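Down below is the structure, laid out as C-alpha coordinates.
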Amino acid sequence: MLRNGVKKLTLQTSSAAIGFTSLLSAPDFLHYSRDHRTVYKVLEACRLSSDYKAASAIHTRIFKLGYGTYPSLVASLVSTYLQCDRLLLARKLLDQVFRLDFNVVIVNLVIEHLMGLGEYGFAKKCFHKTPVQDVITWNLMIGGYVRNGRFEEALSFFREMLDSNVEPDKFTFASVMTGCARLGAINHALWVHRLMTEKEIELNPILSSALIDMYSKCGRIQTAKEVFNSADHSDVSIWNAMINGLAAHGLPFDAIAVFSKMEVENIFPDSITFIGILTACSHSGLVEEGRKYFNLMSSRYSIEPQIEHYGVMVDLFGRAGLLEEAYAVIEAMPVEPDVVIWRALLSACRIYRKPKLGEVAIANMSCLKSGDYVLLSNMYCSMKRWESAEGVRELMKKKGIRKIRGRSWIELGGVIHRFKAGDRSHPETEGLYKVLDGLIQRAKLEGFLPQTDLVLMDISEEEKEGNLNHHSEKLALAYGILKTSPGREIMISKNLRICHDCHNWIKLVSKLLIRVIIVRDRIRFHRFEGGSCSCEDYW
DNA sequence: ATAGGGTTAG
(Lines give C-alpha, C1' and ligand atoms only; values in the text may rest on other atoms or scores of the structure.)
Protein backbone atom coordinates (compact mmCIF):
# COMPACT_ATOMS: atom_id res chain seq x y z
CA MET A 1 0.00 0.00 0.00
CA LEU A 2 2.84 2.30 0.90
CA ARG A 3 4.45 1.44 -2.38
CA ASN A 4 1.38 2.48 -4.28
CA GLY A 5 1.26 5.76 -2.42
CA VAL A 6 4.85 6.52 -3.25
CA LYS A 7 4.35 5.66 -6.88
CA LYS A 8 1.35 7.90 -7.24
CA LEU A 9 3.21 10.77 -5.63
CA THR A 10 6.14 10.23 -7.95
CA LEU A 11 4.06 10.59 -11.05
CA GLN A 12 2.39 13.73 -9.80
CA THR A 13 5.50 15.33 -8.45
CA SER A 14 7.77 14.61 -11.33
CA SER A 15 5.31 15.88 -13.87
CA ALA A 16 4.50 18.98 -11.84
CA ALA A 17 8.02 19.77 -10.71
CA ILE A 18 9.80 18.89 -13.91
CA GLY A 19 7.41 19.61 -16.67
CA PHE A 20 10.50 20.09 -18.79
CA THR A 21 11.48 16.43 -18.92
CA SER A 22 10.34 16.09 -22.47
CA LEU A 23 12.85 18.72 -23.52
CA LEU A 24 15.76 18.33 -21.15
CA SER A 25 17.00 15.78 -18.65
CA ALA A 26 17.01 16.84 -15.02
CA PRO A 27 20.81 17.41 -14.81
CA ASP A 28 20.75 19.37 -18.06
CA PHE A 29 18.05 21.56 -16.75
CA LEU A 30 20.00 22.18 -13.58
CA HIS A 31 22.96 23.28 -15.59
CA TYR A 32 20.99 26.43 -16.28
CA SER A 33 19.53 26.85 -12.81
CA ARG A 34 21.20 28.48 -9.84
CA ASP A 35 18.11 28.83 -7.67
CA HIS A 36 18.22 26.48 -4.68
CA ARG A 37 14.45 26.17 -4.62
CA THR A 38 14.40 24.86 -8.15
CA VAL A 39 17.32 22.56 -7.43
CA TYR A 40 15.35 21.24 -4.48
CA LYS A 41 12.23 20.61 -6.53
CA VAL A 42 14.13 18.64 -9.15
CA LEU A 43 16.00 16.71 -6.50
CA GLU A 44 12.75 15.77 -4.76
CA ALA A 45 11.40 14.46 -8.05
CA CYS A 46 14.54 12.31 -8.35
CA ARG A 47 14.13 11.11 -4.80
CA LEU A 48 10.52 10.13 -5.35
CA SER A 49 11.38 8.18 -8.46
CA SER A 50 14.57 6.76 -6.87
CA ASP A 51 16.62 8.14 -9.74
CA TYR A 52 20.13 7.59 -8.45
CA LYS A 53 21.92 8.76 -11.58
CA ALA A 54 20.20 12.10 -11.78
CA ALA A 55 20.55 12.59 -8.04
CA SER A 56 24.30 12.12 -8.09
CA ALA A 57 24.60 14.64 -10.93
CA ILE A 58 22.61 17.08 -8.82
CA HIS A 59 24.83 16.27 -5.86
CA THR A 60 27.86 17.60 -7.74
CA ARG A 61 25.95 20.64 -8.85
CA ILE A 62 24.82 21.45 -5.30
CA PHE A 63 28.38 21.59 -4.04
CA LYS A 64 29.53 23.58 -7.06
CA LEU A 65 26.90 26.17 -6.33
CA GLY A 66 28.00 26.34 -2.70
CA TYR A 67 24.76 24.91 -1.35
CA GLY A 68 26.57 22.06 0.39
CA THR A 69 25.15 22.88 3.82
CA TYR A 70 21.62 23.77 2.83
CA PRO A 71 19.45 21.62 5.09
CA SER A 72 16.66 20.66 2.72
CA LEU A 73 19.06 19.90 -0.13
CA VAL A 74 21.37 17.76 1.97
CA ALA A 75 18.51 15.92 3.63
CA SER A 76 16.86 15.22 0.32
CA LEU A 77 20.14 13.93 -1.14
CA VAL A 78 20.75 11.70 1.85
CA SER A 79 17.33 10.14 1.67
CA THR A 80 17.56 9.73 -2.10
CA TYR A 81 20.75 7.73 -1.57
CA LEU A 82 19.04 5.72 1.16
CA GLN A 83 16.11 5.02 -1.09
CA CYS A 84 18.47 3.87 -3.81
CA ASP A 85 20.20 1.57 -1.29
CA ARG A 86 23.41 3.60 -1.38
CA LEU A 87 23.88 3.51 2.35
CA LEU A 88 27.58 4.21 2.30
CA LEU A 89 27.19 7.23 0.08
CA ALA A 90 24.55 8.66 2.36
CA ARG A 91 26.82 8.33 5.36
CA LYS A 92 29.82 9.75 3.56
CA LEU A 93 27.78 12.74 2.50
CA LEU A 94 26.58 13.42 6.04
CA ASP A 95 30.10 13.15 7.43
CA GLN A 96 31.37 15.53 4.80
CA VAL A 97 28.61 18.05 5.45
CA PHE A 98 29.08 17.98 9.19
CA ARG A 99 32.79 18.55 8.81
CA LEU A 100 31.91 21.77 7.05
CA ASP A 101 29.29 22.89 9.54
CA PHE A 102 27.19 20.86 11.91
CA ASN A 103 23.55 21.73 11.62
CA VAL A 104 20.82 20.15 13.71
CA VAL A 105 18.22 21.08 11.09
CA ILE A 106 19.89 18.70 8.65
CA VAL A 107 19.81 15.88 11.16
CA ASN A 108 16.16 16.58 11.83
CA LEU A 109 15.25 16.54 8.19
CA VAL A 110 17.13 13.29 7.70
CA ILE A 111 15.35 11.75 10.69
CA GLU A 112 12.03 12.93 9.34
CA HIS A 113 12.70 11.31 5.97
CA LEU A 114 13.86 8.10 7.62
CA MET A 115 10.74 7.94 9.76
CA GLY A 116 8.66 8.48 6.64
CA LEU A 117 10.40 5.50 5.06
CA GLY A 118 9.68 3.40 8.15
CA GLU A 119 13.41 3.21 8.92
CA TYR A 120 13.06 3.94 12.61
CA GLY A 121 16.07 1.84 13.55
CA PHE A 122 18.23 3.92 11.25
CA ALA A 123 16.70 7.11 12.58
CA LYS A 124 17.58 6.01 16.09
CA LYS A 125 21.21 5.56 15.04
CA CYS A 126 21.25 9.08 13.61
CA PHE A 127 19.70 10.39 16.78
CA HIS A 128 22.33 8.85 19.01
CA LYS A 129 25.25 9.83 16.80
CA THR A 130 24.21 13.47 16.77
CA PRO A 131 26.15 15.70 19.16
CA VAL A 132 23.21 18.05 19.77
CA GLN A 133 19.53 17.24 19.85
CA ASP A 134 16.92 19.92 20.12
CA VAL A 135 13.25 19.65 20.96
CA ILE A 136 12.38 18.97 17.34
CA THR A 137 14.84 16.08 17.15
CA TRP A 138 13.14 14.50 20.15
CA ASN A 139 9.69 15.17 18.77
CA LEU A 140 10.57 13.63 15.44
CA MET A 141 11.77 10.48 17.17
CA ILE A 142 8.69 10.20 19.39
CA GLY A 143 6.24 11.09 16.62
CA GLY A 144 8.06 8.85 14.16
CA TYR A 145 7.86 5.84 16.43
CA VAL A 146 4.17 6.49 16.98
CA ARG A 147 3.48 6.80 13.26
CA ASN A 148 5.31 3.53 12.71
CA GLY A 149 3.17 1.80 15.30
CA ARG A 150 6.00 1.44 17.83
CA PHE A 151 4.19 2.97 20.76
CA GLU A 152 6.24 1.55 23.56
CA GLU A 153 9.50 2.71 21.99
CA ALA A 154 7.92 6.13 21.58
CA LEU A 155 7.11 6.20 25.27
CA SER A 156 10.59 5.16 26.28
CA PHE A 157 12.00 7.96 24.14
CA PHE A 158 9.62 10.29 25.93
CA ARG A 159 10.88 9.10 29.32
CA GLU A 160 14.45 9.60 28.13
CA MET A 161 13.54 13.08 27.00
CA LEU A 162 12.18 13.92 30.45
CA ASP A 163 15.58 12.98 31.86
CA SER A 164 17.41 15.10 29.30
CA ASN A 165 17.85 18.85 29.37
CA VAL A 166 15.29 19.42 26.63
CA GLU A 167 11.77 20.30 27.75
CA PRO A 168 8.83 18.64 25.98
CA ASP A 169 6.40 21.01 24.29
CA LYS A 170 2.90 20.80 22.86
CA PHE A 171 4.13 18.87 19.84
CA THR A 172 5.70 16.26 22.10
CA PHE A 173 2.49 15.81 24.04
CA ALA A 174 0.36 15.51 20.93
CA SER A 175 2.44 12.53 19.79
CA VAL A 176 2.77 10.97 23.22
CA MET A 177 -0.99 11.12 23.75
CA THR A 178 -1.55 9.43 20.39
CA GLY A 179 0.84 6.69 21.49
CA CYS A 180 -1.02 6.14 24.77
CA ALA A 181 -4.31 6.12 22.89
CA ARG A 182 -3.17 3.45 20.47
CA LEU A 183 -1.83 1.38 23.33
CA GLY A 184 -5.03 1.79 25.31
CA ALA A 185 -2.88 2.23 28.39
CA ILE A 186 -4.90 4.22 30.91
CA ASN A 187 -2.22 4.56 33.58
CA HIS A 188 0.22 5.92 31.04
CA ALA A 189 -2.52 8.21 29.79
CA LEU A 190 -3.26 9.61 33.24
CA TRP A 191 0.44 10.14 33.85
CA VAL A 192 0.92 11.99 30.58
CA HIS A 193 -2.14 14.15 31.17
CA ARG A 194 -0.91 15.07 34.67
CA LEU A 195 2.53 15.88 33.31
CA MET A 196 1.07 18.09 30.62
CA THR A 197 -0.91 20.01 33.25
CA GLU A 198 2.13 20.33 35.51
CA LYS A 199 4.17 21.73 32.67
CA GLU A 200 1.40 24.25 32.06
CA ILE A 201 0.98 23.33 28.45
CA GLU A 202 -2.13 25.07 27.27
CA LEU A 203 -4.72 23.07 25.44
CA ASN A 204 -5.31 23.99 21.81
CA PRO A 205 -7.78 22.20 19.51
CA ILE A 206 -5.18 19.63 18.47
CA LEU A 207 -4.22 18.78 22.04
CA SER A 208 -7.84 18.66 23.14
CA SER A 209 -8.71 16.28 20.30
CA ALA A 210 -5.76 14.09 21.14
CA LEU A 211 -6.79 14.12 24.81
CA ILE A 212 -10.39 13.17 24.05
CA ASP A 213 -9.17 10.46 21.71
CA MET A 214 -6.72 9.17 24.32
CA TYR A 215 -9.34 8.80 27.02
CA SER A 216 -11.81 7.24 24.59
CA LYS A 217 -9.30 4.71 23.34
CA CYS A 218 -8.25 3.90 26.91
CA GLY A 219 -11.82 2.99 27.75
CA ARG A 220 -12.66 6.17 29.69
CA ILE A 221 -15.44 7.55 27.57
CA GLN A 222 -16.83 9.43 30.58
CA THR A 223 -13.55 11.30 31.11
CA ALA A 224 -13.41 11.95 27.37
CA LYS A 225 -16.84 13.58 27.61
CA GLU A 226 -15.69 15.73 30.53
CA VAL A 227 -12.67 16.92 28.56
CA PHE A 228 -14.93 17.60 25.61
CA ASN A 229 -17.40 19.60 27.73
CA SER A 230 -14.72 21.80 29.21
CA ALA A 231 -12.82 22.31 25.95
CA ASP A 232 -13.15 25.19 23.55
CA HIS A 233 -15.79 24.06 21.06
CA SER A 234 -14.90 26.29 18.15
CA ASP A 235 -12.83 23.75 16.22
CA VAL A 236 -14.39 20.85 14.35
CA SER A 237 -11.60 18.43 15.30
CA ILE A 238 -12.64 18.09 18.93
CA TRP A 239 -16.20 17.28 17.81
CA ASN A 240 -14.77 14.69 15.49
CA ALA A 241 -12.67 13.12 18.23
CA MET A 242 -15.74 12.94 20.48
CA ILE A 243 -18.03 11.51 17.82
CA ASN A 244 -15.49 8.91 16.77
CA GLY A 245 -14.89 7.98 20.40
CA LEU A 246 -18.60 7.43 20.99
CA ALA A 247 -18.78 5.43 17.78
CA ALA A 248 -15.99 3.12 18.92
CA HIS A 249 -17.78 2.60 22.22
CA GLY A 250 -20.93 1.52 20.44
CA LEU A 251 -22.93 4.58 21.50
CA PRO A 252 -24.50 5.68 18.19
CA PHE A 253 -27.24 7.79 19.71
CA ASP A 254 -24.77 9.74 21.81
CA ALA A 255 -22.69 10.29 18.69
CA ILE A 256 -25.76 11.53 16.84
CA ALA A 257 -26.66 13.80 19.78
CA VAL A 258 -23.20 15.39 19.65
CA PHE A 259 -23.59 15.82 15.92
CA SER A 260 -26.94 17.59 16.40
CA LYS A 261 -25.34 19.90 18.93
CA MET A 262 -22.87 21.01 16.27
CA GLU A 263 -25.73 22.51 14.33
CA VAL A 264 -26.85 24.47 17.41
CA GLU A 265 -23.36 25.80 18.00
CA ASN A 266 -22.84 26.64 14.35
CA ILE A 267 -19.94 24.28 13.79
CA PHE A 268 -19.76 22.99 10.25
CA PRO A 269 -19.07 19.24 10.04
CA ASP A 270 -16.33 17.96 7.74
CA SER A 271 -15.72 14.64 6.06
CA ILE A 272 -14.21 13.09 9.20
CA THR A 273 -17.34 13.98 11.18
CA PHE A 274 -19.34 11.86 8.77
CA ILE A 275 -16.91 8.96 8.99
CA GLY A 276 -17.65 8.94 12.72
CA ILE A 277 -21.42 9.23 12.39
CA LEU A 278 -21.62 6.59 9.67
CA THR A 279 -19.29 4.27 11.59
CA ALA A 280 -21.49 4.66 14.66
CA CYS A 281 -24.54 3.66 12.60
CA SER A 282 -22.71 0.82 10.90
CA HIS A 283 -21.47 -0.77 14.12
CA SER A 284 -24.91 -0.74 15.66
CA GLY A 285 -26.94 -1.82 12.66
CA LEU A 286 -28.70 1.53 12.28
CA VAL A 287 -29.22 1.12 8.55
CA GLU A 288 -31.87 3.79 8.05
CA GLU A 289 -30.01 6.40 10.09
CA GLY A 290 -26.83 5.60 8.19
CA ARG A 291 -28.60 6.03 4.87
CA LYS A 292 -30.08 9.31 6.10
CA TYR A 293 -26.75 10.82 7.15
CA PHE A 294 -25.01 9.60 4.03
CA ASN A 295 -27.58 11.49 1.96
CA LEU A 296 -27.49 14.56 4.21
CA MET A 297 -23.76 14.76 3.69
CA SER A 298 -24.00 16.00 0.15
CA SER A 299 -27.54 17.40 0.08
CA ARG A 300 -27.34 19.55 3.19
CA TYR A 301 -23.64 20.02 3.84
CA SER A 302 -22.26 19.85 0.29
CA ILE A 303 -19.58 17.38 1.33
CA GLU A 304 -18.93 14.94 -1.48
CA PRO A 305 -18.50 11.39 -0.15
CA GLN A 306 -14.96 10.07 -0.47
CA ILE A 307 -13.89 6.49 -0.89
CA GLU A 308 -13.77 6.17 2.92
CA HIS A 309 -17.45 7.05 3.20
CA TYR A 310 -18.40 4.55 0.54
CA GLY A 311 -16.35 2.06 2.52
CA VAL A 312 -18.43 2.63 5.64
CA MET A 313 -21.64 2.29 3.63
CA VAL A 314 -20.56 -1.03 2.15
CA ASP A 315 -19.70 -2.12 5.66
CA LEU A 316 -23.01 -0.83 7.03
CA PHE A 317 -25.15 -2.68 4.50
CA GLY A 318 -22.89 -5.72 4.56
CA ARG A 319 -22.98 -6.18 8.32
CA ALA A 320 -26.75 -5.83 8.23
CA GLY A 321 -26.96 -8.64 5.69
CA LEU A 322 -28.06 -6.39 2.84
CA LEU A 323 -25.46 -7.78 0.47
CA GLU A 324 -27.17 -6.58 -2.69
CA GLU A 325 -27.31 -3.08 -1.40
CA ALA A 326 -23.67 -3.24 -0.36
CA TYR A 327 -22.78 -4.36 -3.85
CA ALA A 328 -24.97 -1.64 -5.35
CA VAL A 329 -22.95 0.97 -3.44
CA ILE A 330 -19.79 -0.37 -5.03
CA GLU A 331 -21.31 -0.34 -8.49
CA ALA A 332 -22.67 3.16 -8.14
CA MET A 333 -19.68 4.87 -6.60
CA PRO A 334 -17.95 7.39 -8.85
CA VAL A 335 -14.43 6.40 -7.78
CA GLU A 336 -12.65 3.13 -8.40
CA PRO A 337 -13.27 0.82 -5.40
CA ASP A 338 -10.09 -0.08 -3.56
CA VAL A 339 -9.11 -3.18 -1.59
CA VAL A 340 -10.63 -1.87 1.63
CA ILE A 341 -14.04 -1.60 -0.04
CA TRP A 342 -13.87 -5.13 -1.42
CA ARG A 343 -12.59 -6.35 1.93
CA ALA A 344 -15.69 -4.93 3.65
CA LEU A 345 -17.84 -6.83 1.18
CA LEU A 346 -15.81 -10.00 1.68
CA SER A 347 -16.22 -9.70 5.41
CA ALA A 348 -20.01 -9.50 5.01
CA CYS A 349 -19.93 -12.50 2.67
CA ARG A 350 -18.15 -14.41 5.40
CA ILE A 351 -20.78 -13.58 8.00
CA TYR A 352 -23.73 -14.31 5.72
CA ARG A 353 -22.13 -17.21 3.85
CA LYS A 354 -22.22 -15.88 0.32
CA PRO A 355 -19.28 -17.59 -1.37
CA LYS A 356 -20.14 -16.45 -4.90
CA LEU A 357 -20.09 -12.78 -4.01
CA GLY A 358 -17.12 -13.36 -1.75
CA GLU A 359 -15.19 -14.73 -4.70
CA VAL A 360 -16.16 -11.68 -6.73
CA ALA A 361 -14.72 -9.51 -3.97
CA ILE A 362 -11.49 -11.49 -3.86
CA ALA A 363 -11.16 -11.35 -7.65
CA ASN A 364 -11.33 -7.56 -7.51
CA MET A 365 -8.73 -7.12 -4.85
CA SER A 366 -5.40 -5.99 -6.18
CA CYS A 367 -3.29 -7.23 -3.32
CA LEU A 368 -4.44 -9.79 -0.81
CA LYS A 369 -3.25 -9.57 2.75
CA SER A 370 -3.01 -12.34 5.25
CA GLY A 371 -6.36 -11.41 6.81
CA ASP A 372 -8.13 -11.69 3.44
CA TYR A 373 -7.07 -15.31 2.98
CA VAL A 374 -8.28 -15.99 6.49
CA LEU A 375 -11.67 -14.41 5.74
CA LEU A 376 -11.99 -16.44 2.56
CA SER A 377 -10.99 -19.66 4.25
CA ASN A 378 -13.33 -18.95 7.17
CA MET A 379 -16.14 -18.40 4.72
CA TYR A 380 -15.58 -21.86 3.23
CA CYS A 381 -15.07 -23.46 6.64
CA SER A 382 -18.32 -22.07 7.98
CA MET A 383 -20.09 -23.75 5.08
CA LYS A 384 -18.14 -26.96 5.60
CA ARG A 385 -16.53 -26.60 2.18
CA TRP A 386 -13.32 -28.11 3.43
CA GLU A 387 -11.66 -28.65 0.03
CA SER A 388 -12.07 -24.99 -0.86
CA ALA A 389 -10.69 -23.95 2.52
CA GLU A 390 -7.79 -26.32 2.02
CA GLY A 391 -7.18 -24.73 -1.38
CA VAL A 392 -6.86 -21.34 0.26
CA ARG A 393 -4.45 -22.77 2.78
CA GLU A 394 -2.33 -24.28 0.00
CA LEU A 395 -2.31 -20.98 -1.82
CA MET A 396 -1.13 -19.19 1.28
CA LYS A 397 1.65 -21.73 1.71
CA LYS A 398 2.70 -21.37 -1.91
CA LYS A 399 2.79 -17.60 -1.66
CA GLY A 400 4.58 -17.72 1.67
CA ILE A 401 1.83 -15.79 3.42
CA ARG A 402 1.47 -16.54 7.07
CA LYS A 403 -1.53 -15.97 9.23
CA ILE A 404 -0.97 -12.85 11.31
CA ARG A 405 -0.80 -13.93 14.90
CA GLY A 406 -3.18 -12.33 17.30
CA ARG A 407 -1.62 -10.17 19.96
CA SER A 408 -3.24 -8.83 23.06
CA TRP A 409 -1.92 -6.77 25.88
CA ILE A 410 -2.93 -5.55 29.28
CA GLU A 411 -1.60 -2.68 31.33
CA LEU A 412 -1.14 -3.42 35.02
CA GLY A 413 0.54 -1.07 37.44
CA GLY A 414 1.90 1.00 34.60
CA VAL A 415 3.52 -1.97 32.86
CA ILE A 416 2.30 -3.39 29.57
CA HIS A 417 2.21 -7.17 29.30
CA ARG A 418 1.93 -8.56 25.78
CA PHE A 419 0.78 -11.97 24.68
CA LYS A 420 0.84 -13.77 21.36
CA ALA A 421 -1.49 -16.68 20.67
CA GLY A 422 -0.12 -19.71 22.47
CA ASP A 423 2.50 -17.59 24.19
CA ARG A 424 4.56 -19.18 26.93
CA SER A 425 7.24 -16.55 27.24
CA HIS A 426 5.76 -14.50 30.07
CA PRO A 427 7.58 -15.03 33.39
CA GLU A 428 4.28 -15.87 35.06
CA THR A 429 3.16 -18.28 32.37
CA GLU A 430 2.52 -21.11 34.78
CA GLY A 431 0.20 -19.13 37.02
CA LEU A 432 -1.76 -17.62 34.19
CA TYR A 433 -2.28 -20.94 32.42
CA LYS A 434 -3.56 -22.39 35.69
CA VAL A 435 -6.14 -19.60 35.88
CA LEU A 436 -7.00 -20.06 32.22
CA ASP A 437 -7.40 -23.83 32.42
CA GLY A 438 -9.54 -23.45 35.53
CA LEU A 439 -11.82 -21.01 33.73
CA ILE A 440 -12.03 -23.21 30.66
CA GLN A 441 -13.10 -26.14 32.83
CA ARG A 442 -15.71 -24.02 34.62
CA ALA A 443 -17.07 -22.78 31.33
CA LYS A 444 -17.32 -26.35 30.07
CA LEU A 445 -19.29 -27.35 33.14
CA GLU A 446 -21.65 -24.49 32.36
CA GLY A 447 -22.22 -26.06 28.98
CA PHE A 448 -19.92 -23.82 26.94
CA LEU A 449 -19.14 -25.28 23.54
CA PRO A 450 -15.99 -24.09 21.76
CA GLN A 451 -16.68 -22.86 18.27
CA THR A 452 -14.11 -24.77 16.28
CA ASP A 453 -15.52 -24.36 12.79
CA LEU A 454 -13.52 -21.25 11.97
CA VAL A 455 -10.09 -22.52 12.91
CA LEU A 456 -7.96 -22.29 9.82
CA MET A 457 -6.17 -25.58 10.04
CA ASP A 458 -6.38 -29.13 8.93
CA ILE A 459 -6.11 -30.60 12.42
CA SER A 460 -8.21 -32.63 14.81
CA GLU A 461 -11.11 -31.16 16.77
CA GLU A 462 -9.11 -31.51 19.95
CA GLU A 463 -6.21 -29.58 18.55
CA LYS A 464 -8.55 -26.91 17.24
CA GLU A 465 -9.90 -26.52 20.71
CA GLY A 466 -6.42 -26.18 22.14
CA ASN A 467 -5.73 -23.56 19.50
CA LEU A 468 -8.79 -21.54 20.48
CA ASN A 469 -8.13 -21.92 24.17
CA HIS A 470 -4.84 -20.13 23.86
CA HIS A 471 -5.90 -17.14 21.82
CA SER A 472 -4.03 -14.06 22.94
CA GLU A 473 -7.05 -12.29 24.46
CA LYS A 474 -7.69 -15.30 26.69
CA LEU A 475 -4.08 -15.25 27.87
CA ALA A 476 -4.17 -11.52 28.60
CA LEU A 477 -7.48 -11.88 30.39
CA ALA A 478 -6.24 -14.79 32.50
CA TYR A 479 -3.19 -12.78 33.43
CA GLY A 480 -5.37 -9.85 34.42
CA ILE A 481 -7.50 -12.12 36.60
CA LEU A 482 -4.38 -13.57 38.18
CA LYS A 483 -2.96 -10.16 39.06
CA THR A 484 -5.97 -8.10 40.12
CA SER A 485 -8.38 -8.37 43.00
CA PRO A 486 -11.81 -9.91 42.43
CA GLY A 487 -14.47 -7.57 41.17
CA ARG A 488 -12.04 -5.13 39.57
CA GLU A 489 -12.70 -4.09 36.02
CA ILE A 490 -10.22 -5.50 33.50
CA MET A 491 -9.33 -3.96 30.17
CA ILE A 492 -7.35 -5.63 27.43
CA SER A 493 -6.46 -4.52 23.91
CA LYS A 494 -6.02 -6.60 20.81
CA ASN A 495 -4.42 -6.03 17.40
CA LEU A 496 -7.02 -7.98 15.38
CA ARG A 497 -10.75 -8.36 15.72
CA ILE A 498 -11.97 -10.56 18.54
CA CYS A 499 -13.06 -14.02 17.39
CA HIS A 500 -16.52 -15.47 17.96
CA ASP A 501 -15.34 -18.13 20.32
CA CYS A 502 -13.47 -15.71 22.56
CA HIS A 503 -16.42 -13.33 22.46
CA ASN A 504 -18.82 -16.02 23.72
CA TRP A 505 -16.34 -17.27 26.25
CA ILE A 506 -15.61 -13.86 27.74
CA LYS A 507 -19.33 -13.19 28.03
CA LEU A 508 -19.61 -16.27 30.18
CA VAL A 509 -16.51 -15.42 32.22
CA SER A 510 -17.91 -11.97 33.00
CA LYS A 511 -20.97 -13.68 34.45
CA LEU A 512 -19.10 -16.40 36.33
CA LEU A 513 -16.65 -13.99 37.96
CA ILE A 514 -19.09 -11.08 38.28
CA ARG A 515 -16.58 -8.73 36.66
CA VAL A 516 -16.65 -6.12 33.98
CA ILE A 517 -14.27 -7.09 31.20
CA ILE A 518 -13.46 -4.66 28.42
CA VAL A 519 -11.83 -5.74 25.20
CA ARG A 520 -10.74 -3.12 22.72
CA ASP A 521 -10.16 -4.84 19.41
CA ARG A 522 -9.00 -3.35 16.14
CA ILE A 523 -12.43 -1.90 15.44
CA ARG A 524 -14.25 -1.12 18.66
CA PHE A 525 -14.86 -1.67 22.36
CA HIS A 526 -16.59 -4.70 23.79
CA ARG A 527 -17.81 -4.26 27.34
CA PHE A 528 -18.69 -7.60 28.89
CA GLU A 529 -20.86 -7.64 31.96
CA GLY A 530 -23.18 -10.24 33.50
CA GLY A 531 -22.96 -12.55 30.51
CA SER A 532 -23.60 -10.07 27.72
CA CYS A 533 -21.59 -7.64 25.64
CA SER A 534 -22.22 -3.98 24.88
CA CYS A 535 -21.95 -4.76 21.16
CA GLU A 536 -25.04 -6.98 21.49
CA ASP A 537 -23.22 -9.52 19.36
CA TYR A 538 -23.31 -7.22 16.36
CA TRP A 539 -19.77 -6.54 15.21
C1' DA B 1 20.69 33.30 -1.47
C1' DT B 2 19.02 28.02 3.83
C1' DA B 3 15.23 25.43 7.68
C1' DG B 4 12.68 21.27 10.73
C1' DG B 5 7.87 18.79 14.43
C1' DG B 6 1.50 17.73 16.45
C1' DT B 7 -5.11 15.69 16.48
C1' DT B 8 -9.70 13.20 14.98
C1' DA B 9 -10.47 8.51 9.82
C1' DG B 10 -13.56 3.06 6.16
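Letters A, B, ... mirror the listed sequences (proteins, then strands); counts begin at 1. Keep in mind that what you see is a predicted model, and the values were worked out from it rather than measured.
A straight line from CZ of A:Phe268 to C1' of B:dT8 spans 18 Å, rounded to a whole angstrom. For the pair A:Asp270 CG and B:dT7 C1', the computed distance is 12 Å after rounding to whole Å. What separates CG of A:Asn240 from P of B:dT7 is a distance of 14 Å, to the nearest Å. One interatomic measurement links the two molecules: OH of A:Tyr293 to C1' of B:dG10, which rounds to 19 Å at whole-angstrom precision. In this structure, CD of A:Glu308 is placed 9 Å from P of B:dG10, rounded to the nearest angstrom. At whole-Å resolution of the value, CD1 in A:Ile238 and C1' in B:dG6 are 17 Å apart. Atom P of nucleotide B:dA9 and atom CD1 of A:Ile277 are separated by 14 Å, given to the nearest angstrom. At whole-Å resolution of the value, CZ in A:Phe294 and P in B:dG10 are 16 Å apart.
Between the side chain of A:Asn244 and the base of B:dG10, no donor-acceptor pair under 3.5 Å is found. Side-chain N/O atoms of A:Tyr67 and base N/O atoms of B:dA1 include a donor-acceptor pair closer than 3.5 Å.
Two rings, from A:Phe158 and A:Trp138, have their centers 6.0 Å or more apart. Taking the six-membered ring for Trp and the full ring otherwise, the centers of A:Tyr40 and A:Tyr70 sit at least 6.0 Å from each other.
If you check every strand for non-hydrogen atoms under 4.0 Å, A:Val236 touches nothing. If you check every strand for non-hydrogen atoms under 4.0 Å, A:Asp101 touches nothing. Among the protein residues, A:Thr279 comes within range of the sugar-phosphate backbone only, with heavy atoms under 4.0 Å from sugar or phosphate atoms but none that close to a base. Nucleic acid contact for A:Leu109: sugar-phosphate only, since backbone atoms but no base atoms lie under 4.0 Å from a heavy atom of the residue. Residue A:Leu278 is classed as having no contact, given no heavy-atom separation below 4.0 Å to the nucleic acid. Across all strands, A:Arg37 comes closer than 4.0 Å only to sugar-phosphate atoms, never to a base (heavy-atom distances). Among the heavy atoms of the strands lying under 4.0 Å from A:Leu140 are primed sugar atoms or P, OP1, OP2 only; no base atom is included.
The side chain of A:Ala241 sits closest to B:dT8 out of B:dT7, B:dT8, B:dT2. The A:Ile341 side chain lies nearest to B:dG10 when the options are B:dG6, B:dA3, B:dG10. Out of B:dG10, B:dA3, B:dG6, the shortest distance to the side chain of A:Lys170 is found at B:dG6. For A:His36, whose side chain is taken as the heavy atoms from C-beta onward, the closest listed nucleotide among B:dT7, B:dG10, B:dA1 is B:dA1.
Residues from residues 196-234 of chain A that place a heavy atom under 4.0 Å from any atom of DNA chain B, listed by number: A:Asn204, A:Ile206, A:Leu207, A:Ser209, A:Asp213, A:Lys217.
Side chain to side chain, A:Arg150 and A:Tyr120 meet the donor-acceptor criterion of an N or O pair below 3.5 Å. A donor atom on one side chain and an acceptor atom on the other are found under 3.5 Å apart for A:Asn240 and A:Asp270.
Residues A:Met379 and A:Lys354 come closest through the heavy atom pair SD-O, 3.9 Å.
Counting non-hydrogen atoms of neighbouring residues, nucleotides and ligands closer than 6.0 angstrom, the CZ atom of A:Arg291 exceeds 12 such neighbours.
Screening A:Lys403, A:Arg343, A:Arg350 for a salt bridge (charged side-chain N to carboxylate O under 4.0 Å, His left out) involving A:Asp372 leaves a single residue, A:Arg343.
Ring geometry for A:His188 against A:Trp191 counts as perpendicular: the plane angle is over 60°, on a 0 to 90° scale with 30° as the lower cut.
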